[in-house]
Amino acid sequence: MACNQTLGGLVNDCARSMGGIKRIFIANRDDVSQVTVADNQITAITMVESAKFKAYYFRKGTGNFTNTLNTDPSTGVNYVGTDIVLQFTRMETTKRIEMIALSVNDLVCIVEDNNGVYWYFGYDNPVNASAGDGQTGTAMTDGNRYSITLHDDSEDWPYEVLVGEEGVDLTAIVG
């Protein structure tokens, strides 16, 4: 017996599209008490008392995420793995401390892409660090930086976060 999903089709999209990500908001997974999904989008995020997402900024062209569909028809396995790769310029103590915290905690993330779309990671399972490095470079023009990869395994593709009047108020959950 075959599994059936309703297909809707897609039209050719002529809207402009830009690669990369603009910024990321990260919180400890235990600090999020509820995530509301309506019409296949996240419309509300409730935090535990006084908890907030923290904003992480980085230089243009140094952050991205990649979703990878993983399937095995013989076992029925079907999930999406996502790697969020971030680079933070200039190694220094403040950034070193953040790399340590990001490396050990169970996280959730909201990523704003360069098209102004927000994506939520950590809905099914926590986001965890899977790789990272710090390097000085060799030549004066090489990057001196930290890099970290955050990984999410989810039952489905990431949810878009509806931001604004009809959705999540970022000013209420980011601090």
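We count residues from 1, following the sequence as given.
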What's the verdict on side chain to side chain donor-acceptor pair (under 3.5 Å) for T82 and N67, showing C-alpha distance, side-chain angles and the deciding distance?
CA-CA 4 Å; T82 299; N67 306 122; 2.6 Å; yes
Can you give me the closest heavy-atom contact between [X] and [Y], atom names plus distance?
| X | Y | answer |
| --- | --- | --- |
| T136 | M91 | CG2-CE, 3.6 Å |
| Y146 | E92 | CE1-N, 3.8 Å |
| G116 | E112 | CA-OE2, 3.8 Å |
| S147 | V85 | OG-CG1, 4.2 Å |
| K52 | A172 | NZ-O, 2.7 Å |
| K54 | G175 | CD-O, 3.4 Å |

Partner of T89 by side chain to side chain donor-acceptor pair (under 3.5 Å), out of K95, R59, R145
R59
Is there a side-chain contact between [X] and [Y] (heavy atoms, below 4.5 Å)?
| X | Y | value |
| --- | --- | --- |
| F25 | L170 | yes |
| D169 | I173 | no |
| F121 | I24 | no |
| V108 | F53 | yes |
| I45 | I110 | yes |
| L150 | I26 | yes |
| V168 | Y118 | no |
| D106 | N128 | yes |

Quick check on the hydrophobic clustering: are [X] and [Y] connected, directly or via other members, by side-chain heavy-atom contacts under 4.5 Å?
| X | Y | value |
| --- | --- | --- |
| W119 | L162 | no |
| M47 | V161 | yes |
| V163 | Y120 | yes |
| I84 | I42 | no |
| V35 | V127 | no |

Gap separating the [atom1] atom of [X] from the [atom2] atom of [Y], nearest 0.5 angstrom:
| X | Y | atom1 | atom2 | value |
| --- | --- | --- | --- | --- |
| L86 | C109 | CG | SG | 8.0 Å |
| T62 | K60 | OG1 | NZ | 11.5 Å |
| D113 | M18 | CG | CE | 9.5 Å |
| T149 | L102 | OG1 | CG | 11.5 Å |

Just by distance, with hydrogens left out, do [X] and [Y] show a side-chain donor and acceptor under 3.5 Å apart?
| X | Y | result |
| --- | --- | --- |
| N125 | D153 | no |
| D156 | S154 | no |
| E98 | Y56 | yes |

Criterion side chain to side chain contact (heavy atoms under 4.5 Å, CB included) on D83 and H151, from CA distance to verdict
CA-CA 5 Å; D83 285 319; H151 184 79; 2.7 Å; yes
Are Y159 and N40 close enough, and set up right, to give a side chain to side chain contact (heavy atoms under 4.5 Å, CB included), and what steps lead you there?
CA-CA 7 Å; Y159 284 104; N40 238 352; 3.6 Å; yes
Worked check of side chain to side chain contact (heavy atoms under 4.5 Å, CB included) between D30 and V48:
CA-CA 8 Å; D30 289 343; V48 298; over 6 Å; no
Can you tell me if R23 uses its side chain to pair, donor with acceptor, with the backbone of A55 under 3.5 Å?
no
Kindly say whether L107 contributes a backbone atom to a donor-acceptor pair with the side chain of N105 at under 3.5 angstrom?
no
